[in-house]
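Report on one structure; see the data block that follows.
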Amino acid sequence: MKGKIVFITGASSGIGEGCARKFASQGSDLILNARNVAKLEELKVELEAKYGVRICLLPFDVRDRNAATMALASLPEEWKRIDVLVNNAGLVIGVDKEFEGNLDEWDIVIDTNIKALLAMTRIVVPGMVERGHGHIINIGSIAGDAAYPGGSVYCATKAAVKALSDGLRIDLVDTPLRVTNIKPGMVETNFTVVRYRGDKDAADAFYKGIRPLTGDDIAETVYYAASAPEHIQIAEVLVMPTYQATGTISYKKKDC
């Protein structure tokens with residue numbers, strides 16, 4: 001992966017930040033996207049100094065299709081040859097029942113998790129097809145396998161990620177491009193704080209009694225898929241912490 005160009009959305013924290021660190025440590029050049037400009041700039045300085053890689057920042061909201069199109073078009077020619085697209089940006093807001101949720105919040109979740117992923121794919125993948133080289137890695141979720149209480153809309157978006165990943169793989173079957181859907185289980189990041197609308201205590205309680213995965217753990221899986229020999233396509237990976245069996249079944253020690 002040394003010298004490859006990797007474009008990561010939602011790179012300022014969590015899984016996206018973990019992916020940035022992992023790919024940089026292996027010599028990849030990075031295009032990093034997020035809304036938090038300060039965190040992106042801090043990460044850029046750190047990774048360039050530590051690993052000697054090149055990093056280009058593209059701060060925009062992935063829900064803004066025009067901003068995304070203009071940002072990608074503004075890249076210097078040498079940066080447009082993206083080798084790996086990591087569609088990581090995603091979120092969930094609230095744990096409301098489907099008949100009690102906030103429609104505006106659901107718009108944000110659907111626009112980020114589905115429509116933004118489609119936009120990034122539509123903008124980046126044609127260039128990969130033209131060059132005959134590329135890998136699209138979508139960050140899905142175990143939530144896409146089955147709905148659970150208080151999460152039906154989020155589960156639906158991640159089921160869509162699976163369908164879109166499978167559909168893209170079918171559409172690209174006559175090309176050398178690869179498509180991977182990474183489906184994490186319980187991962188402790190700021191993602192859960194957003195789910196609980198900023199209630200850090202509630203987010204911490206969700207993981208009490210079990211050792212969850214981290215953003216760095218998922219980054220290892222993403223890198224594993226990206227660095228596999230080019231004749232190997234790792235289509236889908238479901239990765240969970242030990243003591244988690246499904247999206248709704250896990251064992252938590254009471255004394256932890």
Side-chain angles (χ1 to χ4, degrees), residues 8-10 13-19 22 85-98 101 105-106 108-110 112-118 121 136-169 178-196 202-226 228 233-253 256:
I8 305 168
T9 64
S13 65
I15 294 172
E17 181 181 357
C19 288
K22 179 61 182 182
L85 167 63
V86 182
N87 276 317
N88 165 74
L91 80 165
V92 58
I93 307 172
V95 289
D96 306 293
K97 293 183 178 181
E98 189 172 326
E105 289 179 340
W106 287 347
I108 294 171
V109 173
I110 292 168
T112 303
N113 296 2
I114 301 177
K115 293 168 70 176
L117 180 146
L118 274 171
T121 300
I136 303 91
I137 301 178
N138 294 329
I139 304 300
S141 172
I142 192 173
D145 289 347
Y148 54 69
S152 62
V153 173
Y154 174 68
C155 293
T157 67
K158 290 304 183 177
V161 171
K162 173 177 171 52
L164 293 172
S165 300
D166 292 344
L168 182 61
R169 195 178 304 110
R178 302 181 292 179
V179 180
T180 301
N181 181 21
I182 305 292
K183 305 191 302 184
M186 297 170 70
V187 184
E188 187 172 14
T189 67
N190 191 60
F191 173 93
T192 311
V193 178
V194 174
R195 178 197 292 269
Y196 287 100
D204 291 343
F206 179 77
Y207 298 110
K208 187 174 177 60
I210 192 171
R211 179 181 177 181
L213 302 176
T214 67
D216 290 339
D217 293 328
I218 304 305
E220 290 289 340
T221 306
V222 172
Y223 184 82
Y224 172 77
Q233 179 171 216
I234 299 173
E236 189 170 281
V237 180
L238 173 61
V239 53
M240 300 176 288
T242 305
Y243 297 112
Q244 181 178 14
T246 69
T248 57
I249 298 174
S250 60
Y251 172 71
K252 297 182 179 182
K253 298 179 181 180
C256 294

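Position 1 is the first residue of the sequence, and the numbers go up from there.
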Legend entry - Check against side-chain contact (heavy atoms from CB on, under 4.5 Å), Asp216 and Lys22: CA-CA 8 Å; Asp216 290 339; Lys22 179 61 182 182; over 6 Å; no
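- Expressed to the nearest 0.5 Å, how far CG of Asp217 lies from OG1 of Thr189 amounts to 11.5 Å.
- Atom CG of Asn113 is separated from atom NZ of Lys158 by 5.0 Å, given to the nearest 0.5 angstrom.
- Note: Ile218 CD1 to Ile182 CD1 = 8.0 Å, rounded to the nearest 0.5 Å.
- Contact check for Asp166 versus Arg169: side-chain heavy atoms found under the 4.5 Å cut-off.
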Legend entry - Leu213 vs Met186, side-chain contact (heavy atoms from CB on, under 4.5 Å): CA-CA, chis, key distance, verdict: CA-CA 6 Å; Leu213 302 176; Met186 297 170 70; over 6 Å; no
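- A cation-pi arrangement, defined by a distance under 6.0 Å to the six-membered ring centre and an angle within 45 degrees of its axis, is present between Lys252 and Phe206.
- Within 6.0 Å of OH in Tyr148 there are more than 12 heavy atoms belonging to other residues, nucleotides or ligands.
- Judged by distance alone, with hydrogens and angles left aside, the side-chain atoms of Ser152 form no donor-acceptor pair with the main-chain N or O of Ala147 at under 3.5 Å.
- Atom CG of Asn88 and atom CD1 of Ile8 lie 8.0 Å apart (nearest 0.5 Å).
- The two atoms that bring Ile142 and Met240 nearest to each other are CD1-SD, 3.4 Å, heavy atoms only.
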Inset, instruction - Decide side-chain contact (heavy atoms from CB on, under 4.5 Å) for Val153 and Glu105; before the verdict, give the C-alpha distance in whole Å, the side-chain angles of both, and the deciding distance to 0.1 Å. - result: CA-CA 10 Å; Val153 173; Glu105 289 179 340; over 6 Å; no
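- Closest approach of Ala146 and Cys155 over heavy atoms only: O-SG, 3.8 Å.
- A distance-only check finds no donor-acceptor pair linking the side chain of Thr192 to the backbone of Glu188 [under 3.5 Å].
- Remark: Ile108 CD1 to Ile93 CD1 distance equals 4.5 Å, nearest 0.5 Å.
- The two residues Ile210 and Pro212 come nearest to each other via the heavy atoms O-CD, 3.1 Å.
- Nearest heavy-atom pair across Glu98 and Trp106 is O-CH2, 2.8 Å.
- Taking each heavy atom of Asn181 and Ile139 in turn, the nearest pair found is OD1-C, 4.4 Å.
- Asn138 and Ser165 share a donor-acceptor pair across their side chains, judged by distance under 3.5 Å alone.
- The only option from Val92, Thr157, Leu91 that meets the side-chain contact (heavy atoms from CB on, under 4.5 Å) definition with Thr112 turns out to be Leu91.
- The main-chain N or O of Thr246 is found under 3.5 Å from a side-chain atom of Gln244 such that the two form a donor-acceptor pair.
- Note that CD of Glu17 and CG of Asn190 are 10.5 Å apart. Values are rounded to the nearest 0.5 Å.
- Within 6.0 Å of the OH atom in Tyr243, the count of heavy atoms belonging to other residues, nucleotides or ligands does not exceed 12.
- For the residue pair Ala226 and Ile137, the shortest heavy atom distance occurs at CB-CD1, 3.9 Å.
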Legend entry - Verdict with reasoning, Leu238 to Asp145, per side-chain contact (heavy atoms from CB on, under 4.5 Å): CA-CA 10 Å; Leu238 173 61; Asp145 289 347; 4.3 Å; yes
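- A donor-acceptor pair is defined here as one N or O able to donate and one able to accept, closer than 3.5 Å; such a pair exists between the side chain of Tyr207 and the backbone of Val187.
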